[in-house]
Structure formats: structure tokens, C-alpha cells
Amino acid sequence: MDGRLIYLMGPSGSGKDSLIEAAREPLRALNCEIIRRVITRSAESVGEDAIGVTPQEFEQRQRAGEFSLAWEANGLAYGIPVEMDQWLKAGKHVLVNGSRANLRQALESYPTLVPVLLTVRDNVLRERLLRRGRETLEQIDARLARNTLFKDRRSTDSPVHLIDNSGDLADAVNHLLELVRFSAIPDQT
Ligand SMILES: Nc1ncnc2c1ncn2[C@@H]1O[C@H](COP(=O)(O)OP(=O)(O)O)[C@@H](O)[C@H]1O
Ligand SMILES: O=P(O)(O)OC[C@H]1O[C@H](OP(=O)(O)OP(=O)(O)O)[C@H](O)[C@@H]1O
């Protein structure tokens, strides 16, 4: 049986990277791998285990059919390597650090994916983005504005699992592991 695609989303600063890192080993124990993204972001500003490429290289890889999913956001291009499909076929579950704007397209290609949205209270989100210090104030404001847009409209009608990360990261990790355990059971789709 194919593995499940766990599609993690959440606003910038909600803690996706932190959650992924903290959950990496326990996820592996649940037969769930985290796929590395290809991003047109300079290596020094990559805050995650991603492959940084130039926009030209990204385009080449995309034209060569190297991505199962791809999208653009915040002035960057993101690609999910086709390796993901081999893992799924082999029965492994795969966690993707996804995009709210791309969810609808992802669902078209992977109708049984498990959508998971990481949420954080507004004031906590701003504080965390400032503390992380990766973006300029202007970029932080743009990310917060993008978040407001998503709050006002749902991108699909399908149910999305919510994980709140306003509190301890360990609670969010446990919640994610629970979801993966539950989603991995056959006939839950
Ligand atoms: N539960 C948490 N409690 C306190 N700080 C957190 C928590 N989760 C994440 N952070 C911090 O918030 C900032 C944003 O987290 P990050 O994982 O980079 O978010 P994202 O990948 O969604 O943009 C980082 O500085 C991270 O250390
Ligand atoms: O459509 P959205 O849900 O807004 O998502 C847009 C992009 O922003 C995030 O990327 P990235 O990891 O570069 O940003 P972050 O680390 O600041 O979350 C997310 O992983 C998406 O790739």
C-alpha cells in the first residue's frame, strides 16, 4: 500500500521548521520521512535543511520534470523532488513543508494527502518573526499581511487538521505524531 503524504502548512514564523526538526526522529520511527525542498534562497539564509539553487537552476530542474510539486511565494520558488513519489510508492509516509496557496493544486495531484495547518496567535507570531531575525521589518510585515489574507478565505473545502503552536513546541510535536499515527491507518481517507 502507498504511504500517506502529510502536507504541513502554516504562516511564516508559526514554527514549521522547528516542528520538523524536533519531530524528525520520532517521525522516522513511524515510517515517515521529511522531504528536502529545493528553494531559490541563498544558502546563508536557508533556515531549514533545504537545497538552495539559483532561479536558473530551479527552472532547469522544473523543465526536466524533477519536481512533484512546485510553487512560488514570498519572491521565492519552491520545488518538491520527485523522489517523494518513489518513497510513497514504497509505502513510506512523507512529510512536505507545503504552502497554503498551493494546497488546492497539491490535492489535485495527491487527493488523499493529509492537510495539516500549524497556527499561532497573532501577537506571538509577530514576536517570533522579530526574534528569529531572518527577514527585514518590511519582509516581516509582508508575511503578516499574507497571513491575514489566508485567514479571510479558505483555500479548499476539505477539512484541515489544526495544530496550535502558541505554547510549547513539545505539545505541537506530540500532536503531529498523533496525527501521523492516525493517518497511517488504512481506510481513513
Ligand atoms: N513553540 C515555540 N515556542 C517558542 N518559540 C518557538 C516555538 N516554535 C518556534 N519557535 C521560534 O519561532 C521562530 C520561527 O520558527 P520557525 O520554525 O522558523 O517557523 P517557520 O518555519 O514556520 O517560519 C524561530 O525563532 C523558532 O525558534
Ligand atoms: O502559501 P503560504 O502558506 O504562505 O506559504 C508560502 C511559503 O512560505 C513558507 O516558506 P518558507 O519556509 O520559505 O518561509 P518560512 O520559513 O518563513 O515559513 C511555506 O513553507 C511556503 O513555501
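Note that the numbering runs from 1 along the sequence shown for the chain. Just follow the structure's listing: the first ligand is 1, and inside any ligand the first atom is 1. Because the structure is predicted, anything quoted here is derived from the model rather than measured.
Residue Asn147 does not touch ligand 2, judged by heavy-atom distances below 4.0 Å. Contacts between Arg134 and ligand 2, counted as non-hydrogen atom pairs separated by less than 4.0 Å, involve the side chain only. Under 4.0 angstrom from ligand 2, the non-hydrogen atoms of Arg132 all belong to its side chain.
No side-chain donor-acceptor contact under 3.5 Å links Asn97 and Tyr78. For the 3.5 Å distance criterion, the side chains of Asn147 and Arg100 qualify, holding a donor opposite an acceptor.
Look at Glu57 and Arg61 and you find a salt bridge, because one of the NZ, NE, NH1 or NH2 atoms lies within 4.0 Å of a carboxylate O, short of that distance. Electrostatic pairing of Glu178 and Arg181 does not count as a salt bridge here, judged by no charged N lying under 4.0 Å from a carboxylate O.
Every atom of ligand 1 is numbered from 1 in the order shown, and the set under 4.0 Å from a heavy atom of Pro11 is 22 (O). Which parts of ligand 2 touch Ser12 is read off a 4.0 Å heavy-atom cut-off, strictly below it: atoms 15 (P), 17 (O), 18 (O). Taking every heavy atom of Asn74 and a limit of under 4.0 angstrom, the matching atoms of ligand 2 come to 8 (O). Every atom of ligand 1 with a heavy atom of Lys16 under 4.0 Å away is listed here by number and element: 17 (O), 19 (O), 20 (P), 21 (O), 22 (O), 23 (O). Heavy-atom proximity to Trp71, at under 4.0 Å, picks out these atoms of ligand 2: 21 (C), 22 (O). Short contacts between ligand 1 and Leu169, defined as distances under 4.0 Å to a heavy atom of the residue, involve ligand atoms 1 (N). In the vicinity of Ala73, heavy-atom distances shorter than 4.0 Å reach the ligand 2 atoms 6 (C), 7 (C). The ligand atoms of ligand 2 that sit less than 4.0 angstrom from a heavy atom of Asn97 are 20 (O).
Side-chain N or O atoms of Arg4 include one that pairs as donor or acceptor with a backbone N or O of Ser183 at under 3.5 Å. The backbone N or O of Ser14 sits less than 3.5 Å from a side-chain atom of Asn165, completing a donor-acceptor pair.
Considering both main-chain and side-chain atoms, Gly15 comes within under 3.5 Å of ligand 1 through a nitrogen or oxygen pair. Every N/O-N/O distance between Arg131 and ligand 1 stays at or above 3.5 Å. Looking at Gly10 next to ligand 2, no N or O pair under 3.5 Å apart turns up. For ligand 1, the polar-atom distance check finds no N/O of Asp168 at less than 3.5 Å from any of the ligand's N/O atoms.
Rounding to the nearest 0.5 Å places NZ of Lys16 at 9.5 Å from CG of Leu117.
If you check each of Ser14, Gly167, Ser12 against atom 1 (N) of ligand 1, the one with the closest non-hydrogen atom is Gly167.
Across every non-hydrogen atom of Val38 and Pro81, the tightest pair is CG2-CG, 4.2 Å.
Not counting sequence neighbours, Ser18 has no partner by the side chain to side chain donor-acceptor pair (under 3.5 Å) test.
Sequence neighbours left out, not one pair with a member in residues 84-122 passes ring pair (Phe, Tyr, Trp, His ring centres under 6.0 Å).
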